[in-house]
Amino acid sequence: MTMTSKSEEFADEWTTLLEDTPLSVRQIVNEQINEHSAKLAELFYSIMMADPEASVFLSHDMVNQRLHASMQRWLRELYSMEPRDPHEIYKHQCHVGEVHARIQLPFTLIMRGARLLRYAISGYLVESRLDRGDLVKATNYVSEMMELALDAMTDYYVVNVEQSARTDESYRMFALGQNMVAEREKQRAALMEWTQKILLGLLAGAKESEIPSLGKSSFGLWLQHKAAIVFESAPELEQMRTRIAEVEKNIHLKVAESRQNPGNAKVLMQEIESGIAAIKSSLGGLFDRYIELDSTRDSLALLLNRRYLPSVLKREMTMARRGNARFALLLIDIDHFKDINATHNHTVGDQVLQLSSELIVGNVRAGDFVFHYGGDEIMVVLVEIDKEIALQVAENIRAKFDEMPLQVEGGKSVPVTVSIGVAAYNGHPDYETIVKDAEGALHEAKEAGRNRCVLSGR
């Protein structure tokens with residue numbers, strides 16, 4: 001559904017709600033909102049600021065200077081008696097959702113705050129002059145109106161979060177697609193350039209203020225601004241940050257001592273060189289993992305990296321919620337892969353992985369996603385599919401493996417079977433749930449004797 005059609009749907013529901021709610025009831029709701037808007041805003045943000053999760057996103061200055069007034073204005077406009085264009089109202093609610101996404105405020109907190117507002121407004125309405133019948137109508141009007149606004153906010157909130165995720169993923173995909181060996185050598189050279197400047201400065205008796213900062217060097221800036229995105233949460237990143245802090249601390253503490261006692265300069269240089277060696281080691285480990293992955297991708301060239309799985313799953317879940325387009329996971333394990341390596345060799349094992357990935361990709365659709373899940377496991381995200389058809393796809397893949405051995409170099413035939421766990425999306429908001437369901441189904445398939453497909457019972 002396009003944003004234009006959503007705006008039309010919003011306008012229709014908005015108009016219908018106004019027509020179904022007596023003017024006198026809406027008037028009293030408007031009076032209560034105008035009278036208590038300041039208290040409602042104070043309630044909303046006092047609860048939000050007491051929440052540790054919310055306090056990360058909201059500062060007291062921001063609340064006092066802007067958000068209280070914005071909340072009061074939002075409430076008055078939402079329940080205003082003035083004639084308004086519902087398309088403009090929808091546009092404004094979308095803008096609010098866009099802002100929430102931009103500041104990365106979890107929408108769960110907004111929903112929680114909205115529940116508090118509805119409860120408080122209901123309390124004021126109970127104390128008003130409304131009779132029992134009109135009280136029910138007023139409470140429904142308040143709830144439905146706020147629900148419409150939140151739905152509109154959600155539309156743009158989701159769009160912006162998805163755009164942000166796509167931008168991040170595009171950058172990482174682009175960066176990881178570059179020549180990683182060349183980039184590794186470039187950063188090693190930048191690190192050594194800083195080391196040489198430090199050592200030459202110490203030999204020349206440079207003052208502490210003249211010693212260049214490693215954190216602000218070409219290497220340090222790359223580490224902070226680019227490597228943190230490209231390599232995400234790789235443990236080597238924190239290792240390098242820790243080593244950089246240690247190296248710079250040693251410099252600041254001992255550079256003055258080395259000037260007073262030339263013998264200390266040698267010790268300091270040795271400590272710096274030791275720290276740089278540790279950073280180089282972490283840098284090498286960081287790149288080697290991805291270079292190794294790239295070389296593995298020469299054999300698994302058609303497969304996506306597992307790190308992109310959450311982005312794909314979250315996007316598919318959003319699409320499923322919007323249009324009821326179900327999806328499913330296949331978690332495929334090559335049976336007794338260690339025995340293949342032991343019986344033949346790792347080269348044959350790599351070829352088996354390559355041929356297996358090609359077979360799997362060749363038996364799913366172009367719109368499906370195929371990931372190297374780890375080791376000899378491959379995960380497939382089957383889009384727009386129900387569980388029965390997903391199980392048929394899995395069985396077809398299993399049968400393809402079972403029909404004939406894989407032909408590797410040297411004319412060898414390697415018999416290969418696979419076990420497959422199948423899990424269908426069931427509406428749970430946490431993508432980890434469907435992943436665990438697939439893992440559990442795979443475990444059942446292996447426990448039952450392998451070379452079979454099992455559909456998760458959840």
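The first residue in the sequence is number 1, and the count goes up from there.
Residues satisfying the side chain to side chain donor-acceptor pair (under 3.5 Å) test with Ser282, not counting sequence neighbours, are Gln239. Residues forming a ring-ring contact (aromatic ring centres under 6.0 Å, His included) with Trp14 (at least two apart in sequence, or on another chain): Phe10.
Of the residues listed (Leu329, Val312, Val380), the one engaging Phe371 in a side-chain contact (heavy atoms from CB on, under 4.5 Å) is Val312, and it is the only one.
We find the CG-CG distance between Asn140 and Leu17 to be 7.0 Å, quoted to the nearest 0.5 Å. Atom CG of Leu148 and atom CD1 of Ile89 lie 10.0 Å apart (nearest 0.5 Å). A distance of 5.0 Å separates CD of Glu147 from CG of Asp151, quoted to the nearest 0.5 Å. One distance of note links CD1 of Ile340 with CG of Asp350; it measures 11.5 Å at 0.5 Å rounding. How far CE of Met240 is from OG1 of Thr242: 10.5 Å, rounded to the nearest 0.5 Å. Rounded to the nearest 0.5 Å, atoms NE2 (His344) and CG (Asp339) are 10.0 Å apart.
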**Prompt:** Would Gln72 and Arg76 count as a side chain to side chain contact (heavy atoms under 4.5 Å, CB included) if you check the C-alpha gap in whole Å, the side-chain angles of each, and the deciding distance to 0.1 Å?
**Reply:** CA-CA 6 Å; Gln72 293 179 59; Arg76 292 193 187 108; 3.4 Å; yes
**Request:** Report the C-alpha separation of Glu193 and Arg188 in whole Å, then their side-chain angles, then the decisive distance to 0.1 Å, and conclude whether the salt bridge (charged side-chain N to carboxylate O under 4.0 Å, His left out) test is met.
**Result:** CA-CA 9 Å; Glu193 180 182 359; Arg188 280 179 173 171; over 6 Å; no
**Prompt:** Please walk me through it: do Phe401 and Asn451 pass side chain to side chain contact (heavy atoms under 4.5 Å, CB included)?
**Reply:** CA-CA 9 Å; Phe401 277 96; Asn451 191 21; over 6 Å; no
**Request:** For Arg398 and Glu395, run salt bridge (charged side-chain N to carboxylate O under 4.0 Å, His left out): C-alpha distance rounded to whole Å, both residues' side-chain angles, the deciding distance at 0.1 Å, then the answer.
**Result:** CA-CA 5 Å; Arg398 187 207 62 78; Glu395 180 57 34; 2.7 Å; yes
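Side-chain atoms of Phe369 and Glu316, non-hydrogen and from C-beta on, do get closer than 4.5 Å to each other. Between Asp368 and Arg365, some side-chain heavy-atom pair lies under the 4.5 Å cut-off. Side-chain contact between Leu313 and Phe327: present, with at least one pair of heavy atoms (C-beta onward) separated by less than 4.5 Å. Two residues are said to be in side-chain contact when any heavy atoms from C-beta on lie closer than 4.5 Å; Val393 and Ile385 meet this criterion. With a 4.5 Å cut-off on side-chain heavy atoms, Leu442 and Glu377 count as touching. Tyr373 places none of its side-chain heavy atoms less than 4.5 Å from the side chain of Ile378. A heavy-atom distance below 4.5 Å is found between the side chains of Gln351 and Glu409. The side-chain heavy atoms of His443 and Glu439, taken from C-beta on, include no pair separated by under 4.5 Å.
With hydrogens and angles disregarded, a donor-acceptor distance shorter than 3.5 Å links the side chain of Arg326 to the backbone of Tyr425. In this structure a side-chain-to-backbone donor-acceptor pair under 3.5 Å is missing from Ser281 to Ala277.
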Would you tabulate the side-chain donor-acceptor contacts of residues 411-418 under 3.5 Å, counting partners in other chains and residues two or more places apart, or write 'none'?
{"unit_1": "Ser413", "atom_1": "OG", "unit_2": "Gln407", "atom_2": "OE1", "d": "2.9"}
{"unit_1": "Ser413", "atom_1": "OG", "unit_2": "Gln407", "atom_2": "NE2", "d": "2.9"}
{"unit_1": "Thr417", "atom_1": "OG1", "unit_2": "Asp335", "atom_2": "OD2", "d": "2.7"}

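Using a cut-off of 4.0 Å between Lys/Arg side-chain N and Asp/Glu carboxylate O, Arg243 and Glu238 are scored as not salt-bridged.
Here the two rings, on Tyr79 and Tyr141, have centers that are under 6.0 Å apart.
Closest of all the heavy-atom pairs between Phe44 and Ala114 is CE1-N, 3.9 Å.
For Glu8 and Tyr90, the side-chain atoms include no donor-acceptor pair closer than 3.5 Å.
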